[in-house]
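The structure under discussion appears below in the form of structure tokens.
A, B, ... follow the sequence lines: proteins, then strands. Residue 1 opens every chain.
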Amino acid sequence: MGSMLRAKGADLARVVVQVAVLFGLADIGGLISRFAHLPIPGSILGLIGLFLLLKLGVVKLEWVAAGGDWLVREMLLFFVPSAVGVLSYAHLLMHQGLQMVATVAISTALVMWLTGAVADGIWKAKKHRGAGAKTGSGGASTC
Amino acid sequence: MLIWIGFVATILCYWGCKRLYQRVHFVLFNPILTCLVILVTFLLCTHISYSTYFARGRLLTELLNPATVALAIPLYRHFEVLKAHVAEFLLSLAGGATVAVVSSVLLARALGLGGQIATSIAPRSVTTPIAMDISETIGGSPTLTAVFVIITGVTGVIVGPLVIRLARIESAIAKGAMFGMGCHGLGTSRAFEMGQMEGTCASLSMVTASFLTISIAPELVRLLGVG
């Protein structure tokens, strides 16, 4: 029991430290974005930076995986406070909310349909060609 | 004390809504929608202003930054697979980014939404800070754009599964691409629910869609004659 609690504590500490590291990377990205006057926010620069650091072997996956996986898993929660912000636009939504939501919903459905259909179409064409050319080696395209 | 109520309510509400969604896997029970409805009702009933609520709610919003950085991890894990599907991503996202801007502006106009609104809606399909930046550049209202970004996220996670079914989308690549392109980070977190590969593809698509939209939105908006 005691050792289990200790293990839990160690897990939690690892997640906290790793989240702090990821915060740091986002902040460094933010500084670069500000100083270089880039139209890219710090978090996206941090994402690209972390990817390169992992790829180059400077950062090991274990150093960030526990915290990173937790953040990605609970990402929805971090959107909630900004989403509640629509409350500040209650006045505008009361008047034109229906048109606004309809515009966004129809346009988003169109975007998703086109993006999905094009990507899926190419994927299927490739799979088809791959299956026709060399049967049995389609393992890589099962995803 | 009062300023912490909204913060605690948000976490409890998120936890409860997530539980409910795991039990009853119905699209309209998506936690972002249920949380939104419950918390807005809660704030209205308790007369807590949004600025009071957001004074502590901001702490959660701040976590979006490290969470976005963390999307590098699945990209690193699945890089080899992603590399094999560059054509799928580039073509579908180029199309998606164009349709996002054009259809938003045209539909807004068709439904009688005024100039400032039509301009602010154009960059709505990318992540908030980028969308707000683009909005500034093209003469929209960044804060109004932020509202459109949120509406995009909430409607996207709801219509997405429907589109998958109607268009018979099969591959994880395509499912990820449509969520990352169509509804940014919220879509990406929804895609991770479907699977690691879907989520990873959505992460890549979200980032790529941002770059594409930054490069094409100002020109498209100019061609459409708004702003």
Inset, instruction - Heavy-atom distances under 4.5 Å only: say whether A:Ser82 touches chain B with side chain, backbone, both or neither. - result: both

Legend entry - Point-to-point distance, once rounded to the nearest 0.5 Å, from CG of B:Leu144 to CG of A:Leu92: 6.0 Å

Inset, instruction - Over all heavy atoms of both residues, which pair between B:Tyr50 and A:Pro81 is shortest? Give the atoms and the distance, please. - result: OH-O, 2.8 Å

Legend entry - Top of A:Ala125, A:Gly68, A:Gly24 for chain B proximity - count of heavy-atom pairs under 4.5 angstrom: A:Gly68

Inset, instruction - State whether B:Glu193 and A:Arg73 are salt-bridged, where the test is any N-O pair (Lys NZ or Arg NE/NH1/NH2 against Asp/Glu carboxylate O) under 4.0 Å. - result: no

Inset, instruction - Looking only at non-hydrogen atoms, find the nearest pair between A:Ala26 and B:Asn65 and report the distance. - result: CB-CB, 3.9 Å

Inset, instruction - Identify the two heavy atoms, one from A:Lys124 and one from B:Arg168, that lie closest to each other, and give their separation to 0.1 Å. - result: NZ-O, 3.5 Å

Inset, instruction - Would you mind checking which part of B:Asp133 comes under 4.5 Å of any heavy atom in chain A, side chain (CB onward), backbone (N, CA, C, O), both or neither? - result: side chain

Legend entry - chain A contacts, top residue of B:Ala67, B:Gly57, B:Gly112, B:Gly182 (heavy-atom pairs, under 4.5 Å): B:Ala67

Inset, instruction - For the residue pair A:Phe78 and B:Thr61, establish whether any side-chain heavy-atom pair is separated by less than 4.5 Å. - result: no

Legend entry - Side-chain heavy atoms of A:Val118 within contact of B:Met178, under 4.5 Å: no

Legend entry - Under 4.5 Å from a heavy atom of chain A, the part of B:Ala84 involved: backbone

Legend entry - Part of A:Leu98 lying under 4.5 Å from any heavy atom of chain B: neither

Inset, instruction - State, to 0.1 Å, how close A:Ala65 and B:Arg77 come at their nearest heavy-atom pair, and which atoms those are. - result: CB-NH2, 3.8 Å

Inset, instruction - For residues A:Leu50 and B:Leu75, determine if any side-chain heavy atom of one lies less than 4.5 Å from a side-chain heavy atom of the other. - result: no

Inset, instruction - Could you tell me which of B:Ser125, B:Gly199, B:Ala108, B:Ala167 has the largest number of non-hydrogen atom pairs under 4.5 Å with chain A? - result: B:Ala108

Inset, instruction - Go through the atoms of B:Leu44 and report whether side chain, backbone, both or neither lie under 4.5 Å from a heavy atom of chain A. - result: side chain

Inset, instruction - Check A:Thr115 against B:Ser92 and note the closest heavy-atom contact, atom names and distance. - result: O-CB, 3.3 Å

Inset, instruction - Evaluate the side-chain proximity of B:Val40 to A:Val84: yes if any heavy-atom separation is below 4.5 Å, no if none is. - result: yes

Inset, instruction - Please state whether the side chain, the backbone, both or neither of B:Arg56 comes within less than 4.5 Å of a heavy atom of chain A. - result: neither

Inset, instruction - Would you tell me whether B:Thr152 and A:Thr108 have side-chain atoms, one donor and one acceptor, within less than 3.5 Å of each other? - result: no

Inset, instruction - Could you please spell out the steps behind the side-chain contact (heavy atoms from CB on, under 4.5 Å) verdict for A:Val72 and B:Ile73? - result: CA-CA 10 Å; A:Val72 171; B:Ile73 296 169; over 6 Å; no

Legend entry - Choice from B:Ser49, B:Gly180, B:Gly185, B:Ala110 maximising heavy atom contacts with chain A below 4.5 Å: B:Gly185

Legend entry - B:Ile32, part contacting chain A, at a heavy-atom distance under 4.5 Å: both

Inset, instruction - Would you give the length of the straight line joining atom CD of B:Gln196 to atom CG of A:Asp69, rounded to the nearest 0.5 angstrom? - result: 7.0 Å

Inset, instruction - List the steps, then state whether side-chain contact (heavy atoms from CB on, under 4.5 Å) holds for B:Arg124 with A:Ser107. - result: CA-CA 10 Å; B:Arg124 63 167 185 81; A:Ser107 171; 2.5 Å; yes

Inset, instruction - List the steps and the verdict of side-chain contact (heavy atoms from CB on, under 4.5 Å) for A:Phe23 and B:Leu63. - result: CA-CA 8 Å; A:Phe23 249 121; B:Leu63 281 166; 3.7 Å; yes

Legend entry - Greatest number of heavy atom pairs closer than 4.5 Å to chain B - which of A:Leu93, A:Val64, A:Val111, A:Leu47: A:Leu47

Inset, instruction - Return the option, out of B:Leu111, B:Thr155, B:Leu106, with the maximum number of heavy-atom pairs under 4.5 Å with chain A. - result: B:Leu111

Inset, instruction - Counting only heavy atoms closer than 4.5 Å, note whether B:Val99 contacts chain A via side chain, backbone, both or neither. - result: both

Legend entry - Pairs of heavy atoms under 4.5 Å with chain B: top-ranked of A:Leu45, A:Val80, A:Val86, A:Val104: A:Val104

Legend entry - Close side-chain approach of B:Met181 to A:Leu114, heavy-atom, < 4.5 Å: no

Inset, instruction - Drop me the distance from A:Ile40's CD1 to B:Ser210's OG, to the nearest 0.5 angstrom. - result: 7.5 Å

Legend entry - Parallel, tilted or perpendicular: ring planes of A:Phe51 versus B:Tyr76, cut at 30 and 60 degrees: perpendicular

Inset, instruction - Could you tell me which portion of B:Ile214 (side chain, backbone, both or neither) has an atom closer than 4.5 angstrom to a non-hydrogen atom of chain A? - result: side chain

Inset, instruction - Measure B:Leu60 against the heavy atoms of chain A and call it side chain, backbone, both or neither at under 4.5 Å. - result: both

Inset, instruction - May I ask you to decide if B:Ala174's main-chain N or O and A:Asp120's side chain share a donor-acceptor pair within less than 3.5 Å? - result: no

Inset, instruction - Check whether more than 12 heavy atoms from other residues, nucleotides or ligands sit under 6.0 Å from atom CD of B:Glu62, and answer yes or no. - result: yes

Inset, instruction - Among the options B:Leu64, B:Val159, B:Val163, pick out the one with the most heavy-atom pairs lying under 4.5 Å from chain A. - result: B:Leu64

Legend entry - Selection from A:Leu87, A:Leu77, A:Leu22, A:Leu71 maximising heavy-atom pairs under 4.5 Å formed with chain B: A:Leu77

Inset, instruction - Could you check if a side-chain atom of B:Asn30 sits within less than 4.5 angstrom of a side-chain atom of A:Leu76, using non-hydrogen atoms only? - result: yes

Legend entry - Approximate separation, where rounding is to 0.5 Å, of A:Met112 CE and B:Ile169 CD1: 10.0 Å

Legend entry - Test item: B:Thr143 and A:Tyr89 side chains (from C-beta on) under 4.5 Å apart, heavy atoms: yes

Inset, instruction - Side-chain contact test, heavy atoms from C-beta onward, threshold under 4.5 Å: evaluate it for A:Val101 versus B:Ile151 and give yes or no. - result: yes

Inset, instruction - Among the options B:Glu170, B:Glu88, B:Lys18, pick out the one with the most heavy-atom pairs lying under 4.5 Å from chain A. - result: B:Glu88

Inset, instruction - Measure distances from A:Ile48 to the heavy atoms of chain B and classify the residue's part below 4.5 Å as side chain, backbone, both or neither. - result: side chain

Legend entry - Proximal component of B:Tyr53, with respect to chain A [non-hydrogen, under 4.5 Å]: side chain

Legend entry - B:Phe192 CZ to A:Met75 CE distance, which is reported to the nearest 0.5 Å: 6.5 Å

Inset, instruction - Give, as side chain, backbone, both or neither, the part of B:Phe79 having an atom under 4.5 angstrom from any heavy atom of chain A. - result: side chain

Legend entry - Region of B:Leu43 in contact with chain A, defined by heavy-atom distances below 4.5 Å: side chain

Inset, instruction - Check each atom of A:Gln18 against the heavy atoms of chain B and say whether the ones under 4.5 Å are side chain, backbone, both or neither. - result: neither

Inset, instruction - Nearest 0.5 Å please: distance from the CG atom of B:Leu113 over to the OG1 atom of A:Thr103. - result: 5.0 Å

